[in-house]
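Structure, as structure tokens:
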Amino acid sequence: MTTKNPSQSYSLYGDFVAGNSFLASARLGYWLDDTKTEGVDATTRFYFRNGTIPVPTDDPRYHPAGWSSVPNASFQSTDMDKWERYSAGTDATFFFEGFGSHEVKAGVQYEKIKNQVSTGENGNLFEIRWGLADRFGAGVKGQYGSVHVRRFRTEGSAEAFNWSLFLQDSWVIAKNFTLNYGLRTEQERVPNYGAKRDPSLPEYAMEFDFKDKLAPRIGFAWDVFGDAKLKAYGSYGTYYDITKLEMPRGSFGADQWVAYLYPLNTLDWQTLSQGCTTADNKMDSNPCPNLGTPVRRNLRAPTDPTEGIDPDLKPMENREFQLGADYQLSGMSVVGFRYVNKKLINTIEDIGYLVCDSSGANCEEVYITGNPGKGIVVKDYQPGPVPKQAEAIRDYQAIELSYTKRFADNWSLRATYTYSELTGNYSGLASSDEFGRTDPNVARYFDGLVYGYDSKGKLVDGPLNTDRPHAIEISGLYRFNFGTSVGVNTSWRSGTPVTQDEQLNGVNFFPYGRNNLGRLDNITQTDLYIAHPFDLGTLGGLGKVRLEVNLNVTNLFDEKAVTQVDNAKWQDDLCDYLEDCSYDYYFRHVVPYDFDAIMEQNHATRNPQFMKPLAYQPARAVRLGVKISF
């Protein structure tokens, strides 16, 4: 079983804003002070999230928003993160006749990936939450809030091995009809970083054999009238992904993070590190005994594959098919139509729940690596108030209309309109629910049962955060007779959906379903490219030499559409206001409910940055380039 970080794409906040001689809460993060004390051999750092504790602005412990005495780089170090990749492959092609002509190709590929890593935080991080309980739902809170001490590290080494085989045929059945079909399969060995630290663990965390990853593909191209005017085409295929090493690093022993949680009983935060030693990520340690006995959360306990991985685990699999047609209007122009449909069949994620000791004081976020909503995580499910683990859903379909005019008479043009739909509860290996966090197979998607359901107990399945239903793109190029070329790309796209994102037991979920807050601004952008060549003639042994000077301007009109807003309405965890934070209690006795109403009734801390912009369209950028060819 494995435990992990609730979110390495941090959403920890705590900007201090002066108002009426007090510090009010805000949602911008910053670091304060560098304190080095006896027993602490590296940088100590403080991070703040403000609740309602009043501290006068004339207090020497106060600093204005954004103040920091510690450069970001000084707290993180990478002693080693070495990657090596070895690959080899061979293939052969055979031609023969039989009910048409055949071009058969077969091949084998081999890949080995090695990683040695030692990186992370040099010293202790102190997360101070003024007036707030800890962010892990453990209920730790003192007179002035809570303190979380940690030292996150990634240490270990491992090797991954992959073999691939493929066989395909391009069969020309008639002069105007070609059928392509084939089969690909892979053998994959996913390493176990923990085996280096504990020899009793197996060398490989997961293994997929050739029979587990059989991927058939078929496609056709048809010259409908035999005169090269109308082409119809289509394809169907199954595609498997190779497991990224970020998952075995995070879940199988390389990542190390024990959270030590203390009540905060003093306003003098600069003294908190006194008497502390550097955290060693052991569950029986107490790095800061002067703060009391901590409640501990092991958020990166290494997985034992024999008990923490579904024995019937299926590899990540997608299915895709498309149909299309192109019609030639003239010798220089073509119009086209294409329909694409992509569906996620299986993904691999760590699926989490809390396990506590008999005192209830020390808990681990325990994870099963499996296929969400399938296999071991639902085998004992009984219909009732507590729902089964949600399956991973990602469905995409799109219709594209296009016009293409080939380069002739000094100009070319391509224009497309796309209507698409991207829905589900799983955006992929990069999590758009966490603003693009890239922790493949170990993101926050299924870290708690609550993630898959809204406050009414309904499955959350709706527009994903990168869904843009309408998109228009136009690209044109004109070359003047004197040699200068001018290219313009312009586009218009629908805004992306916004969903209220809250927390229970430190796990993100969407109490009102997806897209309950509307969409962001539509985005338009125009880019400009200008290039002019100069013939420098023949230079020595270089032959003819040509110099090209070019200008590339992105976002020519410096448009400033909002691309991200803060979508958390509350700073507090719902768990802070429940009698019991278990999912059994939650689904039996709390659901259905109104999330905002509960938070208001309990005077929870509102997020003052809610629905305010966090990111904008990239600003205008101008680049001047020179290219020499000979």
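Sequence positions, counted from 1, serve as the residue numbers for this chain.
- In the model, Tyr144 has no side-chain atom that pairs as donor or acceptor with a side-chain atom of Thr266 under 3.5 Å.
- Paired with Arg135 under the rule side-chain hydrogen bond (donor to acceptor under 3.5 Å, both in side chains), one option of Gln571, Gln503, Glu127 passes, and it is Glu127.
- Within the 4.5 Å cutoff, no side-chain heavy atoms of Leu344 are placed close to those of Ile393.
- With sequence neighbours excluded, no residue forms a ring pair (Phe, Tyr, Trp, His ring centres under 6.0 Å) with Tyr260.
- Of the inter-residue distances, the one linking Lys458 atom NZ with Asp461 atom CG reads 13.0 Å to the nearest 0.5 angstrom.
- The nearest pair of heavy atoms linking Asn425 to Ala390 is ND2-CB, 4.2 Å.
- The existence of a salt bridge linking Arg519 and Asp467 is confirmed by a sub-4.0 Å separation between a basic side-chain nitrogen and an acidic carboxylate oxygen.
- Summarising the geometry, atom CG belonging to Asp395 is positioned 9.0 Å from atom CG belonging to Leu464; distances are rounded to the nearest 0.5 Å.
- To the nearest 0.5 Å, atom CE of residue Met611 and atom CD of residue Gln500 are 9.5 Å apart.
- Tyr262 and Asp134 share no donor-acceptor pair across their side chains, judged by distance under 3.5 Å alone.
- To the nearest 0.5 Å, the span separating CH2 on Trp130 from CG on Leu132 amounts to 11.0 Å.
- The distance between the ring centers of Phe136 and His148 falls below 6.0 angstrom.
- No side-chain donor from either of Trp257 and Asp255 sits under 3.5 Å from a side-chain acceptor of the other.
- A donor atom on one side chain and an acceptor atom on the other are found under 3.5 Å apart for Asn508 and Asp501.
- For an aromatic pair to be called close, the ring centres must be under 6.0 Å apart, and Phe510 with Tyr453 fails this.
- The aromatic ring centres of Tyr451 and Phe446 sit less than 6.0 Å apart.
- Side chain to side chain, Asn465 and Asp433 meet the donor-acceptor criterion of an N or O pair below 3.5 Å.
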Between Asp280 and Ser285, is the side-chain hydrogen bond (donor to acceptor under 3.5 Å, both in side chains) condition met? List the steps.
CA-CA 7 Å; Asp280 59 7; Ser285 294; 2.8 Å; yes
Could you check Arg437 against Asp439 for salt bridge (Lys or Arg N to Asp or Glu O under 4.0 Å), going step by step and ending with a plain yes or no?
CA-CA 6 Å; Arg437 173 186 174 191; Asp439 277 337; 2.8 Å; yes
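- Pairs passing the salt bridge (Lys or Arg N to Asp or Glu O under 4.0 Å) check and including a residue from residues 584-596, sequence neighbours excluded, read Lys569-Asp596, Asp584-Arg588.
- Expressed to the nearest 0.5 Å, how far CG of Asn346 lies from CG of Asp241 amounts to 12.5 Å.
- No hydrogens or angles considered: a donor-acceptor pair under 3.5 Å links the side chains of Tyr193 and Asn115.
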Would Lys244 and Glu246 count as a salt bridge (Lys or Arg N to Asp or Glu O under 4.0 Å) here? Give the steps.
CA-CA 5 Å; Lys244 310 301 182 287; Glu246 184 63 31; over 6 Å; no
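- Nearest approach of Ala138 to Leu261, heavy atoms of both residues: CB-CD1, 3.9 Å.
- The ring pair (Phe, Tyr, Trp, His ring centres under 6.0 Å) search around Tyr586 returns Tyr593, not counting sequence neighbours.
- Between the side chains of Ser427 and Tyr445, at least one donor N or O sits under 3.5 Å from an acceptor N or O.
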